[in-house]
> 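Just dropping this structure here.
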Amino acid sequence: MARHLITSALPYINGIKHLGNMVGSMLPADVYSRYLRQRGHDVLYICATDEHGTPAELAAKEQGLPVADFCAQAHDAQKAVYDGFALAFDYFGRSSSAQNVEITQHFARKLHENGFIEERAIRQVYSPTDGRFLPDRYVEGTCPHCGYDKARGDQCENCTRVLDPTDLINPRSAISGSTDLEVRETKHLFLLQSKLQREVMEWVARHDGVWPHLASSIAHKWLTEGLHDRAITRDLDWGVPVPADTWPELAAEGKVFYVWFDAPIEYLGSTKEWSDQDPENRDWKSWWYDVDDEVRYTQFMAKDNVPFHTVMFPATELGIREPWKKVDFVKAFNWLTYYGGKFSTSQKRGVFTDQALEILPADYWRYFLIANAPESDDSSFTWEHFTATVNKDLADTLGNFVNRVLSFSKKRFGEEVPAGGEPGEAEAKLGEQIAELLAEYEGHMEALQFRKAAAALRALWSAGNSYLEEKAPWLEIKTDKDGAALTLRTAMNLIHLYAVVSEPFIPTTAAAMRQAFSLKDDTATWVSADEAKSLTAVAAGTPFTVPPVLFAKLTDEDLQTYKERFGGEAA
């Protein structure tokens, strides 16, 4: 089977992420990874915390911690939340790792050798009030392109244009708010992207019609505007050091690489962290080096990260002149909004992932987020929509089906799957329908169309309810006990099928459904079309138990509580 390398955009270290971050990268990557593993593919899913840059320094200072200690604690806190969401990373690393330092410095040396990095004296924003040069993210002002008054010095969040701090109108320090800013001379390393524009354009063009429109359009927009040589070093105490053997003067000044230079390289660094844990059995380069035809590489990210992954990092890889793996498919997402406004880490607006897990188990969130993933355009989170989805799809369509089938069968036939008669016309019709819906589900998953996949999964669950309503075993048992037993046995096989195929979306619930049946050799990882048609995986006489309620219905009181806590509209 094919080997699949999967990465999701690195969550930044300063704080727990909100639901928009979750659905924009890590969660869909996890769903896809789980699906591929179930289908027999060799999968490596890599992610890490993005730990460099000024925000980490400032957050550490606020907490009175050395930045290394702050990042270590924040990494563990984020990883605990992702474990709570059942994200099955093969490895979740750290961009501050020694492995990332090693590979980043190697990339920089190779770019320099190949004539794509040069040292330049530049004039940079300095804040006398703060006593430091201000990295571009910590100069704020008005975007000259769209007029957004909270644009950062590296990029406008509103229109996504890439900026330099000196482009901003009415600039101010994001640290102190001071407008007393000066421009002073300092030296930095520049990546000569202008020399690589043609190669990047040709590389992006090869993916036209392959990548989603969102990813391609953003990449082409950047390229149409022209690639500019960009500084890849900063005046910070925390980051990947400029190697002294290549740039001794800058190293002596304490220059470090720009976080957006080293962060994408951490995909490789994190893979090497994974490999270094078991070097006899793991080879990180077998996933990254000279493997174009052997590995399919898929990246997941929200649209604000697309330019860096489709243009800047590919330019870096092209300039190295070494056969490092480049992305094959960029799955880009629009925004998940909160009542039509942006989720915001800095402004604490919206639901954050740790808060979500305090309220309800992960599967509630996993299903809702993927079923409403912002693929074609932005989608909005509202408590009304969330409550309605949980109640209709999870509690009524799936949870109620499982509970009433198992409870009724236990009450009327005991704690073993009943035998009953031979399958008839209704069962044959059901089998054909399930096989057809399963094929539809598989097709959407292969195409990374998550909302459509969720709709197909929901249709699979609904088919079981329709069958149950048609056969009505609670009435059937009065005149045809064997017929009722057949109906229940068929429905129990549907439960087992649902357990297998729902696992990418709701892994904890899927495990609970599967464990309801005491099958000795239940090693199924997927369900074939023939198995879907026959529905015989759970044989008569198999012991079963009735699991606790899979999904509790949310009440009007719950809805009111959530809205009072988080607000019922965007700020």
> Taking ring-ring contact (aromatic ring centres under 6.0 Å, His included) as the test, write out the residues that go with Y289, two or more places apart.
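Y289 satisfies ring-ring contact (aromatic ring centres under 6.0 Å, His included) with W324 once adjacent residues are dropped.
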> Could you tell me whether a side-chain N or O of Y267 sits under 3.5 Å from a main-chain N or O of Q299, the two making a donor and an acceptor?
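Looks like no, no N/O pair under 3.5 Å.
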> Are R34 and E503 close enough for a salt bridge, meaning some N to O gap below 4.0 Å?
yes
> If you measure from the Lys or Arg side-chain nitrogens to the Asp or Glu carboxylate oxygens, is any gap between K61 and E57 under 4.0 Å?
no
> With sequence neighbours excluded, what pairs up with F505 under the ring-ring contact (aromatic ring centres under 6.0 Å, His included) test?
none
> Who passes side chain to side chain donor-acceptor pair (under 3.5 Å) against Q38, sequence neighbours left out?
none
> Inspect the contact between R109 and E322 and indicate whether a charged nitrogen and a carboxylate oxygen are less than 4.0 angstrom apart.
no
> With sequence neighbours left out, what residues match E62 under side chain to side chain donor-acceptor pair (under 3.5 Å)?
none
> Between K150 and E140, does at least one N-O distance fall below 4.0 Å, as a salt bridge requires?
no
> Could you pull out every donor-acceptor pair under 3.5 Å between side chains of residues 78-90 and any protein atom, sequence neighbours left out?
| from | atom 1 | to | atom 2 | distance (Å) |
| --- | --- | --- | --- | --- |
| Q78 | OE1 | Y82 | OH | 2.8 |
| Q78 | NE2 | Y12 | O | 2.7 |
| Q78 | NE2 | G15 | O | 3.2 |
| K79 | NZ | D83 | OD1 | 2.7 |
| K79 | NZ | D83 | OD2 | 3.3 |
| D90 | OD2 | R37 | NH2 | 2.8 |
| D90 | OD2 | Y45 | N | 2.7 |

> Please assess W287 against Y297 for the test ring pair (Phe, Tyr, Trp, His ring centres under 6.0 Å), listing each intermediate value before the final yes or no.
CA-CA 9 Å; W287 290 92; Y297 178 19; over 10 Å; no
> Name the orientation class of the two ring planes belonging to Y32 and F300 (parallel below 30°, tilted from 30 to 60°, perpendicular beyond 60°).
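Tilted, since the angle between the ring planes falls between 30° and 60°.
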> ring-ring contact (aromatic ring centres under 6.0 Å, His included) with H207: which residues, sequence neighbours excluded?
W203, W211
> Check whether any side-chain heavy atom of L189 lies under 4.5 Å from a side-chain heavy atom of E119, and answer yes or no.
yes
